[in-house]
Structures are given as C-alpha cells and as structure tokens.
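Reviewing the structure listed below.
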Amino acid sequence: MIDENTDGTDVAVKVPTNVPIVDYLILGDDPHLVANECKECGARYFDRRNACARCGKVEFVSARVSNEATLRSFSVVHRAAPGIPVPYVSAIVQTDDGTSVRANVVGLNDPMKVELGMRVRLTTYGCGTDDIGTECMAFGYVAA
Amino acid sequence: MGDAVWVLGASMTRFGRYPDLDSVDLAAQACMDALADGGTTIHDMDVLAAGSLFQPPGMGQRVQKQIGQTGIPVYNVTNACATGATALRLVYMAIKAGEAQMGLAFGVEQMGKMGLLRGGSKEEANVYEPSGRHGAVTAVDGILGTETMPGVFAQAGMEYAYENEGVGFEQFARVAFKNHQHSTLNPLAQYRKEFTMEEIMSSPVQSYPNTLLMCCPTGDGAAAAILVSEERLRSLPIDVRKRAVKISASVLTSDPWVESGQVQPDVNTLTRNAAAQAYEAAGVGPEDLDLVELHDCFATAELIHYDNLGLCERGGAGEFIDSGGPFRDGRTPVNVSGGLISKGHPIGATGVANVYEVTTHLRGEAGDRQIKGARVGLAHVIGLGSACGIHILEKSAA
Ligand SMILES: [Zn+2]
C-alpha cells in the first residue's frame with residue numbers, strides 16, 4: 001500500500017497534542033464516550049464484536065453514551081500495582097441511557113465521601129505525557 | 001438404582017506454603033492419598049483430569065510419572081478459579097458417558113507469595129500508541145477504575161449493598177469473622193487463628209470494604225478425588241462401598257450476557273443458573289443442605305452468594321449473616337472449613353478441596369469440625385471470566 005497524498009499537500013505529520021486513553025473516549029469541545037450498539041437489540045459494546053453477545057445479530061452502529069450517570073457501586077482501592085497512586089475510587093456507574101461504565105470518581109477531597117446512588121457526570125483530565133509531548137487524556141466522573 | 005456417579009476416595013494436602021516441594025510433589029501426594037482412601041490404585045483408573053492455572057503445561061502427565069504411567073487419557077484443565085471443579089466434572093462426564101468406570105481428578109497450585117492483585121501494572125509508554133481491543137495508549141488499571149481482584153469483588157458486594165437493605169462494611173466483616181473462627185477447627189487450613197470484629201475491620205484496607213483479613217491468602221496445595229460409576233461401585237467390598245458419597249448434581253455454567261458484564265464481571269447470574277440446575281438435578285432445595293462450601297475469595301463475595309445460592313430470602317444476605325445463619329451452629333453452615341479466606345485458595349486445588357470437605361462431613365469423618373448428621377452438602381466455586389461449578393453430594397446407600 002502507498003500512503004495517499006493525492007491533493008499534493010505536504011506529508012509532514014501533524015502531532016496531536018493529546019490522545020484519548022482509550023478509543024471509545026471522544027475528545028474535543030464536547031467530550032463523551034461512544035459504543036458499538038447492536039442494531040437489533042441495542043446492547044452496547046466498548047470494543048468490537050463479531051456478533052452481539054446478547055442476541056447474535058451482526059450489525060452495529062456507533063452510539064453516543066450519555067455523560068450523566070448514577071453511581072451503582074464503588075471500591076476505594078488502597079493497594080494497587082506499583083506506580084499507581086492510591087487511594088483512588090473505582091466505580092461502576094450507569095449512564096442515564098442505561099450503559100454501565102467503569103472509571104474512577106475524581107474530584108473528591110476525601111475518597112470516603114463517595115456514596116452509592118450519587119449523581120455523577122463525565123469529565124476528562126490529563127493523566128500523563130509521552131516522550132514527544134503528547135498528553136494522555138483519561139475520563140472519570142465527578143459529583144454532579 | 002441408577003447411573004449415578006460416586007466419590008469413592010478424596011484427599012487434600014494441608015494448604016499453606018511448601019518452599020521445599022513443587023506442584024508435582026503436592027499433586028502426587030494428594031493423588032496417592034485419594035487412591036488409598038478409595039481402596040484403589042492408579043491401575044484401576046480409566047481417565048485422569050488435572051486442574052491447575054499457573055503451573056507449567058502437562059501437569060497430568062507429570063504427575064503420572066510420579067504415581068504410575070498406565071497410558072490412560074489425560075485431560076489438562078484450566079478454567080480460572082473453577083479449574084478444580086471443572087477437572088472433577090470432566091471425570092464425572094466421562095463416567096456418565098460410559099467411557100470410564102473409574103477416574104481420578106486432581107487440582108493443584110503452587111503460588112508462593114505471588115499475590116492475587118492482578119490488574120495491569122502501569123508502564124508509561126514512551127510514545128502513546130493505541131493497542132488492544134479498546135485502543136488503550138497506556139495501562140488503564142487504576143485510571144479507568146480497578147482491575148484488581150479485591151477491588152472487582154468489592155464492587156460486586158457494594159452493588160448488592162446498593163440494591164438491598166441492611167448490607168454494609170459490618171456485614172462483610174462478619175463473614176470474615178465467621179470463616180476465621182471456623183478455621184480454628186480445621187487442621188488442613190492454612191491459617192487457624194480467630195480474629196475479633198474490631199481486628200478485622202481495622203486491618204489494612206485493600207479495596208474498601210475488603211480489608212486484609214477479608215481477603216483470601218495465596219498459597220500452595222493440592223486435592224484429589226476418585227470417582228466411580230454406580231455399577232462398578234456395587235462390585236466393590238462393603239467397607240469401601242459404605243464410605244462412598246453420591247454426586248447428586250454436577251453443574252458447570254458460564255456467564256450469560258448482562259448489560260454491565262463488559263465492565264464488571266457478573267458473578268451472580270451464572271451462580272443462580274448453576275444453583276437452579278443443581279437443585280433440579282439433585283431433587284433437593286437449599287433448605288435441605290446441611291453444609292455449604294462456597295467461593296469466599298473475598299468476604300464481599302461470600303455474602304452475595306448466600307443470595308445467589310438461595311440460602312436466604314432474596315435480598316436478605318445481610319440479615320442472614322447478622323442472625324448467625326451461616327455459622328456452624330446456624331441454619332445452613334457455610335464454609336466450616338474456614339473457606340478460602342482462612343483455609344486458603346491454591347487456585348487449581350480449590351474446586352476439588354471443597355468437594356473433599358463436603359465428602360468428609362457426609363462420611364462423618366470431619367473430626368472436631370464435623371457437622372453432626374450431615375446428609376446433603378453443596379460445593380460451589382466461581383472463576384472470573386466467568387465459570388461456575390456446583391456439586392451437590394449426598395450420603396446414600398449404594
Ligand atoms: Zn443484539
């Protein structure tokens with residue numbers, strides 16, 4: 001394969017200043033998550049599937065996931081692999097359009113202030129920089 | 001008289017740390033003891049199933065070199081924390097299918113101090129490149145929630161607490177209090193020390209609400225069982241026959257789709273499904289169980305399985321532990337061995353060791369920890385990913 005450059009513009013690669021931590025996080029002015037949604041039953045997947053794990057159909061569409069959510073479960077993690085700052089609050093939230101998401105709850109001054117059933121909203125923040133200056137953008141949830 | 005499959009012999013090593021032995025030694029010891037317990041030798045076996053998760057390949061064949069190379073088919077099995085139960089069920093199925101009359105199943109693990117944390121270690125990439133099925137540019141454990149075992153099971157417990165009344169830190173701690181207390185009576189347990197509720201609740205938090213004393217330890221150990229067809233059993237001497245224990249149900253399930261399953265392993269639905277199938281096959285209900293050995297890898301896990309196995313009213317697991325139901329003098333004694341939390345959890349061995357424990361009680365040979373008059377017991381394991389194995393055993397006459 002040959003790189004396409006049909007319009008004759010300069011091929012110099014533009015280095016993005018940031019990248020999403022995972023490909024289902026969409027950055028920009030309106031950060032949000034996307035999922036592959038089964039056209040038949042509506043089940044959503046953050047990764048690619050050959051067939052829907054729920055109904056077996058094979059057609060998917062890209063769907064935007066709501067940024068508003070309710071916290072259904074959490075754990076305050078005090079022991080983790082080396083290099084991971086602790087404690088942190090891991091949570092399972094359910095978005096208002098019914099999709100479960102796992103992420104940290106951020107912005108609490110005391111981790112034990114987290115509460116089951118609390119309303120939360122998606123947020124993004126920088127979580128590291130690589131050797132060429134690209135920032136990694138993570139997502140988490142803050143109290144709404 | 002039917003075509004039931006029976007436990008003819010069973011054994012386990014004490015769980016603990018064996019720096020001077022290897023996993024082949026441990027497995028061979030459990031196998032030799034189980035064969036002797038059943039009045040058999042390896043030459044009577046038609047099939048061998050070997051369960052281990054973290055050991056080098058070919059465990060079954062390597063154990064054969066220690067105990068007898070008779071040329072029988074060997075199946076090396078791995079199925080997360082349900083590995084041992086899967087090996088046992090494989091022999092069960094071979095006998096049910098008529099391909100074997102007698103078989104040996106064992107599970108073994110040597111973990112040393114490897115730790116059950118798992119989860120990705122955070123390695124800062126030099127240049128961010130998307131990789132894996134989620135296009136991750138760096139390890140996400142600790143950033144997008146937790147992938148550690150204590151954390152995942154903490155979240156399973158806290159979801160139950162969200163959905164049901166009367167469940168919190170104290171109820172989870174009481175599970176650990178019970179299992180540590182039970183283990184003081186079990187000479188095969190890795191730890192045999194009682195702790196107060198205060199000690200359990202103030203031990204270092206691993207993943208709230210799981211403190212250190214609410215988490216199973218890593219360890220080494222092996223367990224083995226000899227299974228036999230009913231037809232073959234009836235040809236054996238009376239003293240062997242009367243110690244045999246009937247397998248009334250052998251069930252293995254995997255996790256069906258649930259909405260949240262892609263971000264939080266669902267340990268509930270497949271356990272409920274397995275329990276329903278097992279009770280149906282055995283013709284018994286949870287109220288008939290004299291003892292239960294269930295998969296308490298963390299205190300939060302045990303509590304939700306009271307509900308999943310139907311040992312309490314739906315939503316009533318908090319009340320069940322608070323009222324003493326699963327204590328050894330309670331309505332349905334749970335984990336009288338000390339459970340994974342205190343007996344230990346050498347992963348491949350666990351699903352066979354649970355069956356050993358129930359078998360020993362049904363035979364009336366459990367010594368100080370004997371549940372008096374036990375006639376029906378259930379052994380449950382679950383491995384994330386997920387797999388659930390349930391065996392119901394009954395004292396019966398062959
Ligand atoms: Zn579908």
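Keep in mind it's a predicted model, so treat the numbers as computed, not measured. Convention: sequence-line order gives letters A, B, ...; per-chain numbering from 1.
Two residues are said to be in side-chain contact when any heavy atoms from C-beta on lie closer than 4.5 Å; B:Gln262 and A:Arg49 meet this criterion. B:Ile143 places none of its side-chain heavy atoms less than 4.5 Å from the side chain of A:Phe139. Side chains of B:Asp141 and A:Ile84 form a contact here, defined as non-hydrogen atoms less than 4.5 Å apart. Considering only heavy atoms from C-beta on, A:Arg79 stays 4.5 Å or farther from B:Thr148 through its side chain. Within the 4.5 Å cutoff, the side chain of B:Gln155 has no heavy atoms near those of the A:Arg72 side chain. Between A:Val77 and B:Ser207 the shortest side-chain heavy-atom distance falls below 4.5 Å.
Here A:Thr99 is the residue among A:Thr99, A:Val106, A:Val105 with the most heavy-atom pairs under 4.5 Å with chain B. Put simply, of B:Ala136, B:Pro209, B:Gly151, B:Pro204, the one with the most heavy-atom pairs under 4.5 Å next to chain A is B:Ala136.
Counting heavy atoms of neighbouring residues, nucleotides and ligands inside a 6.0 Å radius, atom CD of B:Glu163 exceeds 12 of them. Within a 6.0 Å sphere centred on CZ of A:Arg119, other residues, nucleotides and ligands contribute more than 12 heavy atoms. A 6.0 Å sphere centred on CD of A:Glu115 holds no more than 12 heavy atoms belonging to other residues, nucleotides or ligands.
In summary, of the residues considered (A:Ile21, A:Val22, A:Asp130, A:Val19), a side-chain contact (heavy atoms from CB on, under 4.5 Å) with B:Thr138 occurs for A:Ile21 alone.
Within the 4.5 angstrom heavy-atom criterion, only backbone atoms of A:Val101 (N, CA, C, O) approach chain B. Using a 4.5 Å cut-off between heavy atoms, A:Leu25 makes no contact with chain B at all. Only the side chain of A:Tyr125 comes within less than 4.5 Å of a heavy atom in chain B; its backbone stays farther off.
For B:Tyr208 and A:His78, the distance between ring centers is not under 6.0 angstrom.
Identified by a heavy-atom distance below 4.5 Å to chain B, the contributing residues of residues 86-98 of chain A are A:Tyr88, A:Ser90, A:Ala91, A:Ile92, A:Gln94, A:Gly98, in residue-number order. Chain B is approached within less than 4.5 Å, heavy atom to heavy atom, by A:Ala43, A:Arg44, A:Tyr45, A:Phe46, A:Asp47 from residues 27-47 of chain A, ordered by number.
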* To do: List the steps and the verdict of side chain to side chain contact (heavy atoms under 4.5 Å, CB included) for A:Arg48 and B:Arg133.
  => CA-CA 7 Å; A:Arg48 57 188 184 274; B:Arg133 299 189 71 85; 3.4 Å; yes
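In this structure, A:Cys52 SG and B:Trp257 CH2 are separated by 7.0 Å, a value rounded to the nearest 0.5 Å.
B:Tyr128 places a side-chain N or O within donor-acceptor distance of the main-chain N or O of A:Thr129, the cut-off being under 3.5 Å. A distance-only check finds a donor-acceptor pair linking the side chain of A:Asn104 to the backbone of B:Gly142 [under 3.5 Å].
Residues B:Glu259 and A:Arg54 are not paired through a salt bridge, judged by the lack of any N-O separation under 4.0 Å between the basic side chain and the carboxylate.
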